[in-house]
Amino acid sequence: METIRRQLAPLIVGRQVIDADAHPSAKFATGVEAAGAAILAVERRGKYLLIQLDDDRELVIHLGMTGRLQIRGSATAPDPYVRAWWDLGGERLELHDVRRFGRVAVVDRSDHSSMPTLAALGPEPFDPAFTGAHLWAALRASRARVKTQLLSQRPVAGVGNIYADEALWRAGVHPERRTLGRAGAGALRDEIIQVLATAIDRGGTTLRDYRTVEGATGTNQLHLECYGRAGEPCLRCGGTLSRLVVDGRGTTVCRTCQPLRGRVDTRQVN
DNA sequence: CGCAGCGCCTGAAGGC
DNA sequence: TGCCTTCAGGCGCTGC
């Protein structure tokens, strides 16, 4: 999402939404309410894009799993998978989303009450407030599994299934642990930052549908160390990575490097 | 209230 | 070859 925000901002800031249309589903329909407003800025919180409008409202876009943002000429007809579009005069910003897991909303600025996950979002991973102590305290406040907590977006914003598996593996933390000591939480915090920073440098992770605004793929999928490698060797110990289902998500884990019980061995962090 | 489980969607991939 | 089943999963909602 950060790579998309960076590409999109220079293309749409300062332009006016002269027309809009959307799929009738409640997930997309309010997108049309942005019509008439001008775009002041393109911000991001976690996986949510926040497009600031000049009338004290914001257009919130979440891509779900299969969503893409693309810019096409206004004269071309939107294809059937375009769930919402905003005509900027000559060019049209389109939300292309095959599975309709994405979401669009036009709300009063910073009024996120209609989106509970956004309203309760944790700190940005690169914010100085996201410290090991913060993650330790956040994890301690819940009895849910560590991976479930990360996916909830509450301890820290923006960690999805792929990056959760990568960070947990690098930190030597089993995804089904329910508690972490200070050292384990500190290691996990460091690895979350490392994994996200590296992925952004590589333009994002393209596994299925992800594309940049220009339609290009990222390259981080070529460097994944854990996610999707079940049955293949652990790059640290050489053992075989296992597949579990945690919180309904496919999860890859090294049962040796990520023990379910005992202290987290922070010495193994790369 | 917190947590677990389910439903939303549809193309791709695998099985027979 | 073609039909059928299974799988992928971010988030919101529901119910215990």
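Order of the sequence lines sets the chain letters (A, B, ...), proteins ahead of strands, with each chain counted from 1. FYI, side chains are in, hydrogens and waters are out, and symmetry mates aren't considered; it's all heavy atoms of this structure.
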How close or far is atom P of dG10(C) from atom NZ of K47(A), stated in whole angstroms?
-> 5 Å
Quick one: salt bridge (charged side-chain N to carboxylate O under 4.0 Å, His left out) pairs with a partner in residues 106-126 of chain A, sequence neighbours left out?
-> R44(A)-E124(A), R45(A)-E124(A), D56(A)-R109(A)
Shortest non-hydrogen contact from L121(A) toward G46(A) | CD2-N, 3.8 Å
What pairs meet the ring pair (Phe, Tyr, Trp, His ring centres under 6.0 Å) rule with one or both residues in residues 93-145 of chain A, with sequence neighbours excluded?
-> Y81(A)-H96(A)
Reckon G250(A) touches a base, only the sugar-phosphate, or nothing at all at heavy-atom distances under 4.0 Å?
-> sugar-phosphate
Would you call R15(A) and E91(A) a salt bridge, taking side-chain N to carboxylate O under 4.0 Å as the test?
-> yes
Rounded to the nearest angstrom, tell me the gap between atom CZ in R68(A) and atom P in dG10(C).
-> 17 Å
Value in whole Å for how far the P atom of dG9(C) lies from CG of D247(A) | 12 Å
Taking only residues at least two apart or on different chains, which pairs with a member in residues 238-264 of chain A satisfy salt bridge (charged side-chain N to carboxylate O under 4.0 Å, His left out)?
-> none
Are any of H62(A)'s side-chain N or O atoms less than 4.0 Å away from OP1 or OP2 of dC11(C)?
-> yes
For L135(A) against P155(A), the heavy-atom pair lying closest together | CD1-CB, 3.8 Å
In whole angstroms, the gap separating P of dG9(C) from CG of L63(A) amounts to 17 Å
From CG of L244(A) across to P of dG9(C) the rounded distance in Å is 13 Å
Enumerate the residues from residues 145-161 of chain A whose closest heavy atom to DNA chain B is under 4.0 Å, giving them by residue number; use none for an empty result.
-> R145(A)
Rounded to the Å, how far apart are L118(A) CG and dC11(C) P?
-> 10 Å
Are L241(A) and L244(A) linked, directly or through other ILVMFWY residues, by side chains that come within less than 4.5 angstrom of each other?
-> no
Determine whether the side chains of T198(A) and Q194(A) contain a donor N or O and an acceptor N or O closer than 3.5 Å.
-> yes
Is the count of non-hydrogen atoms from other residues, nucleotides or ligands lying under 6.0 Å from R154(A) atom CZ greater than 12?
-> no
Presence of salt bridge, E166(A) and R170(A), under 4.0 angstrom | no
Going hydrophobic residue to hydrophobic residue with side-chain gaps under 4.5 angstrom, can you get from V17(A) over to I71(A)?
-> yes
Quick one: is dG9(C) close enough that its OP1 or OP2 comes under 4.0 Å of any side-chain N or O from Y227(A)?
-> yes
base_contact_polar (dA8(C) base, R249(A) side chain, donor-acceptor, <3.5 Å) = no
Using the C1' atoms of the five pairs at each end, what is the angle between the end axes of the helix from dG2(B)-dC16(C) to dC16(B)-dG2(C), to 10°?
-> 50°
According to a 4.5 Å side-chain heavy-atom criterion applied to Ile, Leu, Val, Met, Phe, Trp and Tyr, with indirect links allowed, do Y48(A) and M65(A) form part of one hydrophobic cluster?
-> no
Under 4.0 Å between a side-chain N/O of R100(A) and OP1 or OP2 of dG9(C), yes or no?
-> no
Write down the distance between CG (L95(A)) and P (dG10(C)), rounded to a whole number of angstrom.
-> 16 Å
Hey, which sits more toward the 5' end of DNA chain B by its nearest nucleotide, Y81(A) or A141(A)?
-> A141(A)
Using heavy atoms to find the nearest nucleotide of DNA chain C for T117(A) and T251(A) separately, return the residue whose nucleotide is more 5′.
-> T251(A)
Considering only heavy atoms of chain A and a distance under 4.0 Å, specify the first and last nucleotide of DNA chain B in 5' to 3' order that meet this criterion.
-> dC3(B) to dG11(B)
Rounded to whole angstrom units, what separation is found between the CZ atom of F101(A) and the C1' atom of dG12(C)?
-> 11 Å
